[in-house]
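All remarks here apply to the structure that follows.
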Amino acid sequence: MSRFHDEVQAIRARYPEGSRSAALPALRLAQEKHGWLSRQAIEETAEALDVTPAFCYSVATFYDMLHLEPVGKHTIDVCTNLPCALCGAQRVIEAFESELGIHAGETTEDGEITLRAVECLGGCGYATVVAVDDRYHHSVRAETVPEIVGGIDGGT
Amino acid sequence: MSTELVRVTIDERDVHVPKGTGIVETALAAGVEIPVFCYEPRLGAPVGACRMCLVEVEGMPKLQTGCTLTAQDGMVVKTARTSERAAQGQNGTLEFILVNHPLDCPVCDKGGECPLQDLTFRYGPGNTRMSFEKLTFEKPIPISPTISLDRERCILCYRCTRFSEDVSEDGQLVAANRGAMSVITTFEDLPYTGAFTGNVTELCPVGALLPTQYRFEGRPWEIVDVPTVCGLCPVGCNINATVREGKVKRILSRNHPEIDEGWICDKGRFAYTHLFAEDRLTQPLQRVRRHGLEQVSWEQALDEAERLLRAARGRIVTVLSGSETVEQAYALGRLLRVALDSHQAMLPEEISGALDAYRLPLSAIRDADVVVVLGDVPVVERAPVVDLWIKSARRAGAKLVHDADDPAVAEAERIVLVWSGPGGRGGATIAQLAEKLGLAGREGCGAFYLPGTPNGRGVADAWAACCDEEGEAVEPIGLLVVSGDEAAADENVRALAEQAEATIVLSMYGGLAAGWADLILPGTSYLERDGTFVNLEGRLQRLRRTVEPPGLDELEWISQLAARFDVDVAPYAAAVFAEVSERVYGGLSFGEVGERAPLRGYPDAPEHVGREALPEPAQKARKGEIRLVAYKPLFSGAAVERVAELQFQRPQPELEISAGDARRRKIATGDHVTVGSNGSAITLPARVNRHLRDGIARVALEHANGLGGVVEIAKAEEVPSA
Amino acid sequence: MAEHKVLLAGADEHDLTQLAEYRAIGGYAGVAKARAMTPDALIAELEKAVLRGRGGAGFPMGRKASLIDRKSAKPKYLVVNADESEPGAFKDREVMGKVPHRLIEGCLIAAHAIESRDVFIYIRGEYLTEYEILSGAVEEARAAGIFGDVEITVHRGAGAYICGEETALLESLEGKRGQPRPRPPFPPIQGLYYAPTQINNVCTIATVPVILEMGAEEFAKTGVPSSPGTAIFSVSGNVARPGNYELELGTPMRELIFEHAGGIADGRELKAVIPGGSSVPALTPDEIDVRLDYDSLGAIGTFFGAASLIVVDDRCCMVQLALRSTKFYMHESCGKCTPCRVGTRWMVQILESIENGTATHADLELLDSVGDNILGKVLCALGEFAVYPVHSYLHKWREEFVAHVEHGGCPFAGSSSLEGIFAPSDQHAHTPAGEEALV
Ligand SMILES: Cc1cc2nc3c(=O)[nH]c(=O)nc-3n(C[C@H](O)[C@H](O)[C@H](O)COP(=O)(O)O)c2cc1C
Ligand code: SF4
Ligand code: FES
């Protein structure tokens, strides 16, 4: 059996027998392995969890952080919820759009970076919050955007 | 639920119900209807999703969902009838439900039998305040060749997904996305496959999930639902056949709580179009010298039959399918045994009368502590609904074991034994086991044998009851009379026909016996017959003629033929039944069999049926050996083969192998394996089944190529090119 | 009143993510103290402290523990709600990032009270750094043998606000879609894996060691009698010094905003305060002379909620505020119950029409009425969270809504601080291959 399979079994062992609690960690693992939750990724996860692919698919589509479409190697998530928006998150995301030459929700042509507008990231006191590959940057302003993009491996 | 009665007040009416009764049921007991959409107790715990059932409960500040509440002593509930707030809540919910619902009722097959339409009619707003764009989806999309999904009509009550998850446990129909964008779907565009998928079309309270076969086929005021019993397997689910202008248009379940709980399998639901198969015989066929068969009139056919019967008097062998009604088998017996002194028959299978001491309704399986399933054919392939009962037992905490020596059996109070597959000696084996475990008379304990035919037991009863004489073995066979398509499709029967001087076949389809019959008389379907069936519980049930057969029905021509030999056979099922009943069923009248037949004992039933059990010891595989079980799949047989929409349900050519056996042979799912014994071999893709025990491998009969018994299995060196 | 750090005590001076440093300031003493007590006595002590849940509803933590069916043959579970996703809230994150051992200590004490051996901390998936710090602390404490026979598992969510709702959290922890369950049965009777379960917010549990240290009696003397102790208040929006402030309950709101948080930024005027995270009714500038505790806020028709104040200055268009807020709740609606699933989308449509000037006066009534049809009729409170703030904007700033209708558009003419109203582009509308949702 594959390493992925073994890893999932190790996760399953942390939860009561027969529970499906390993579903989220396993899907996350599959996503790390494949880049996104492709049909194959979902089928592998389902097999390792002993559930149907439809079950995994159903769960995956519920959660924002699980991607059912290909995404860039890196993700930039810009919080656009109220506290950040009150402090100008719109200008920050516009700065990312022009820096990357794409709209929110899109991936750069070279497949490197996906830019997304997201809901509250839990850093409201330090608006605008931007998560680059899930690492938070606080108090981002339009002016600091080029620096952030430049700091990404292979960034444009 | 306890037996303690509590007092609940519903809209100022007091009712006494057992504590814990659902409030929807409690209200019903008080004569009050609480409207519901998502609530369906057969799907497990209520989910409180649709919010249609809002009621006011004294002492609770917020409106409550009636469906999730249970009766407690002194509870005072006001429904929309007496509570302004509850009425407002309900109206609000209904308005929300209708916000995205398309106004396509005029072209919706659900129209007229749609709970959403009914509740809107009764409680709904007369106009809409929604002036924005509704959510739209591509529609309808097929989620399988038999079911279509209209996402715009879906109200997201989650009944279908709960069925898939918690009743059939196939886990294929799911919800995707969340919030307003939630949709019902299968994975990718794979068809919803499984033995029970069609039930979701009945569960759906709107026209979102519909059977494609019924699309635009009828309006509710043009149809009649005729109550009958499914004749395709030994469960005998209670069904309604929807009939319009003399044609069956749809099959619906007709909840018999002890047998099927309102679930039917996809074969029973969708295979009815076998009635309209292109090769359906409507006229008799007669062999004209060597030039094959020719259509003849019934009169000619009966003349020919009379000639053949007369010529072979005393030397006739009858083969029965087990799908005949009790009455047909009895009438045939009267003709062939009484009139023509030919007693030798090949009954479809042995059914042991010893099982009667362990008789239980199927629903008792749900309450078992342990269910022992023996025999190696998947239960779902033999008697599909029994599999649902076993699943519900397991969900309720019962253990499912495959070995009667399992320690769980000794500890359990309620033990149910199930034998599924060949080698069970018609149930004698399992009856012996039940005896050994001392199950007789113990509450909740019993034994079921899953026969291979729908009415094998009733046929055997009737054949035995029609005559007291016993015949001797016939050699050579003067005339072979083959009754039914199952028998006609059997290779052994064909071999017999070759030895016989002449053969008469009763078959719905010409193709089956075209090469070897001398006379083919058109047969009828269970949907066209009046009569009775005995199911695997031993329950006598009533079949009703839902539509006229295209030709004479069996009783009619048997009666005419018998008259030519001066034997009286009534052409009516009721009269024939009366005779059988006199001898077998304690004189029960046809009318008394009942629409929802109870499980009765028949003390005067002859012990006959347990004719000498065939010595058929299950070939025990030794350690390390694998025994191949080639089973007859649910989706197979003459009817299924004739329904294009069901072909996707037929089993893949693949070998199921246990996880342990696969590991030892380094076989993974998808690998090709060779299966061989005695010099013949087949190559198939393998599928590892974690739930299969070691030493057993399984393949559908149609892919087994005649293999069976102990086999060698190895990873294929060369993968056959497709 | 100065900041009063008990939950965050020591974090400025020490690196309390390190076990040794946490121990050096007396950490984990509470575990030994608690384990010397019987579960009954411990629960009695917690009840005496009247520690009200910091996750929003304010139910006393000790009383919840007393409801646990400890006689059940099933295992008992303690679940920590670290899903913090309410817009405006970022306090749990600070606790996990700075004093993870205090949270772990709280878990061990609470587990002893309810006789649980299995603790799950459900942390929102986006909190990667905090997850690493917390898991590191869990490993360290486990290795140091502090757990005894208790096991703590940190479980990551994957991005869904609804998973902060306790029963949705349980479903998600069980590996399913995070959709709320009907209650009753409540978690103390039937929770995780259908076994008795105590669920508390991060700050609630992290306060438990403080109670053991101070003694319930002393603890109950801090804050206000109906809500003792401190809370970490998250302040965001248009203030000069946004951030977290740990203060005693009962601190005046004005003091928090104008002293600790430095008042309104850029010399603007205060327009509104949403005091409990974006889900509660907002206050006008003349309503902010209120104390920050459950009952005081409740008395003026709003909620303590997640102790998270979003301060809004006069540049903000209230219709845009309502629209952005409702878009969030629509995006996060789980889709299980009808009023929330359908109602939030309908509200967004109405608010869009108000904002773009196509609405009529009747639409303002419709907005009100759609909200009413959600309130009190939903399966969980998310649907109500969508309505509370919008109703308050509509009623308290009605003239602005009316102005939109009468001007045929936004009177701010592009100058509102929320202009543009960006909302997530990904609306969870994945459709299976070969099918297309035509939204
Ligand atoms: C939609 C919704 C979201 C919630 N989100 C959170 C959350 O992120 N964190 C939290 O602690 N409680 C949240 N709650 C409250 C929880 O349901 C629950 O009341 C709380 O975790 C109990 O802990 P406490 O008693 O310590 O406050 C939320 C409730 C609802 C209805
Ligand atoms: S109120 Fe919203 S989030 Fe809560 S159950 Fe209903 S649909 Fe789901
Ligand atoms: S029937 Fe009660 S919520 Fe649907």
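The model shown is predicted, which means the values in this text are computed figures rather than measured ones. In what follows, chains are A, B, ... by sequence order, proteins preceding strands, each numbered from 1.
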How about [X]: does its [atom1] atom have over 12 heavy atoms from other parts shown lying under 6.0 Å from it?
X        : atom1 : value
A/Arg91  : CZ    : no
A/His138 : NE2   : yes
B/Lys139 : NZ    : yes

* To do: First locate atom CG of B/Leu190, then atom OG1 of A/Thr52, and finally report the distance between them rounded to the nearest 0.5 Å.
  =>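 It comes to 10.5 Å.
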Where do A/Phe55 and B/Gln172 land on the side chain to side chain contact (heavy atoms under 4.5 Å, CB included) test, with the steps shown first?
CA-CA 7 Å; A/Phe55 174 82; B/Gln172 289 181 58; over 6 Å; no
| Pair B/Arg687 + A/Glu47, salt bridge at N-O below 4.0 Å |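 Result for this pair is no, no salt bridge flagged.
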Is there a donor-acceptor pair under 3.5 Å between the side chain of A/Ser58 and the backbone N or O of B/Ala176?
no
Residues B/Asn177 and A/Thr61: closest non-hydrogen pair is N-OG1, 2.8 Å
- request: Decide yes or no for A/Glu43 and B/Phe187: does some side-chain heavy atom of the first lie under 4.5 Å from some side-chain heavy atom of the second?
  value: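 Of all side-chain heavy-atom pairs linking B/Phe187 with A/Glu43, at least one is under 4.5 Å.
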Point to revise | pair B/Thr186-A/Tyr57: side-chain heavy atoms closer than 4.5 Å | key: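 Sidechains of A/Tyr57 and B/Thr186: no contact.
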So, the part of B/Arg690 with a heavy atom under 4.5 Å from chain A: the answer is side chain
